[in-house]
Each structure stands twice: as C-alpha cells, then as structure tokens.
Amino acid sequence: QVQLVESGGGLVQAGGSLRLSCAASGRTFSMSGMGWFRQAPGKEREFVAAISGSGSTTYYADSVKGRFTISRDNAKNMVYLQMSNLKPEDTAVYYCAARRTVLAGTRQDRYDDWGQGTQVTVSS
C-alpha cells in the first residue's frame, strides 16, 4: 500500500498558476504509475494526467492538454502537477493516485491507492 498526501491547492484568479504536490510513502515509488484526478462539485471524478514509473510516458485529458504538466521526482518520492492558465472550470478537489504497476493509466479503476485531495478554486 502507498500513502499519498497532496498539497499546494488554493484560491487563484483565472489565468494564474498553481503547482500541486503529492508525497508518497510505502511501496517503492519508482514502481508506481501515478495519476491526478479531479472532482468538481456535483460532478463525477475525472482523469487529469498520468505518468509512468520512470516518467517517460505521460497522458493528459484533452481539457488540460497544453496547460498542465505532470512530473515526478523518484529520489524524493514526489509527483507534481503544474497548472497554468487556470480557468474557473478547473475548480475541483484534486486527487493523487498510485498504481501497483509502472504503467501510467487514465482509468480510475486501475488505481489502487488515493490521497485525501486538495481543493483548487479558480475565480473569474
């Protein structure tokens, strides 16, 4: 099992930037594909971005492509989500998740461990 703790959320104006961080402990971090998901009020949780264990493969939701960047530092057991040009529709609770495989993935049901989430609010 992997324990995940997100940080870095907050309130930002439209067009601004935030960097989310996720600290992982437990299983060998480099063996875990990692993902970011988000859930807006009244909506289902959705995929945002994912990265493979080595960092060589990344996937993005169409809605964030070109604005968000996922990265990881295996030496520090950290995964990041750099968010730029934020829009009000990016407002959500953002969750970090880990897989028991090195592969990145876009499906929530392929992730085994989840953090508690961090709130991101983008004002217009």
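Treat the numbers as computed from the prediction; the structure is a model and nothing was measured.
Here the OG atom belonging to S32 is positioned 9.0 Å from the CG atom belonging to N74, to the nearest 0.5 angstrom. Within the model, atoms CZ of R110 and CD of Q108 stand 12.5 Å from one another, a figure rounded to the nearest 0.5 Å. How far CG of L103 is from CE of M31: 10.0 Å, rounded to the nearest 0.5 Å. The distance from atom CD1 of I51 to atom OG1 of T57, rounded to the nearest 0.5 Å, is 8.5 Å. Atom OG of residue S63 and atom CD of residue E89 lie 9.0 Å apart, to the nearest 0.5 angstrom.
At least one test fails for R107 against the ring of F47: distance under 6.0 Å to the centre or angle within 45° of the axis.
Residues Q119 and A92 approach most closely at NE2-O, 3.4 Å, considering heavy atoms. Contact between S124 and P88 at its shortest, heavy atoms only, is CB-CG, 3.8 Å. Across every non-hydrogen atom of R100 and D112, the tightest pair is N-OD2, 2.9 Å. Residues K43 and Q39 share a closest heavy-atom pair of O-NE2, 3.1 Å. Of all non-hydrogen atoms in D73 and F29, the two that sit nearest each other are O-CE2, 4.1 Å. Considering every non-hydrogen atom in both I70 and Y60, the closest pair reads N-OH, 2.9 Å.
Heavy-atom neighbours of K65 NZ from other residues, nucleotides or ligands within 6.0 Å: above the threshold of 12. For M78, the CE atom is densely surrounded, since the number of other residues' heavy atoms within 6.0 Å is greater than 12. Summarising the local packing, OH of Y59 is surrounded by 12 or fewer heavy atoms from other residues, nucleotides or ligands at distances under 6.0 Å.
Residues V5 and W114 do not share a hydrophobic cluster, clusters being chains of Ile/Leu/Val/Met/Phe/Trp/Tyr side chains in contact below 4.5 Å.
Counting heavy atoms from C-beta outward, M83 and T69 have side chains that stay 4.5 Å or more apart. Two residues are said to be in side-chain contact when any heavy atoms from C-beta on lie closer than 4.5 Å; Y94 and R45 fail this criterion. Using a 4.5 Å cut-off on side-chain heavy atoms (C-beta onward), L86 and F68 make contact. Contact annotation: the side chain of L4 approaches that of M34 to within less than 4.5 Å [non-hydrogen atoms, C-beta and beyond]. In this structure the side chain of V120 never reaches within 4.5 angstrom of the side chain of D90, judged on heavy atoms.
Panel note: side chain S54, backbone S56; a donor-acceptor pair is recorded below 3.5 Å. A donor-acceptor pair under 3.5 Å is formed between the side chain of R72 and the backbone N or O of S52. Looking at E6, its side chain does come within 3.5 Å of a backbone N or O of Q116 through a donor-acceptor pair. Formation of a donor-acceptor pair under 3.5 Å by the T121 side chain with backbone atoms of L11 is not found in this model.
R38 pairs with exactly one of L20, L81, V64 by the side chain to side chain contact (heavy atoms under 4.5 Å, CB included) rule, that one being V64.
Sorted by first and then second residue, the disulfide (SG to SG under 2.5 Å) pairs involving residues 41-124 (not counting sequence neighbours) are C22-C96. Applying the side-chain hydrogen bond (donor to acceptor under 3.5 Å, both in side chains) definition to pairs two or more places apart or across chains, none involves residues 79-88.
Taking the six-membered ring for Trp and thresholds of 30 and 60 degrees, F37 and Y111 have ring planes more than 60 degrees apart, a perpendicular arrangement.
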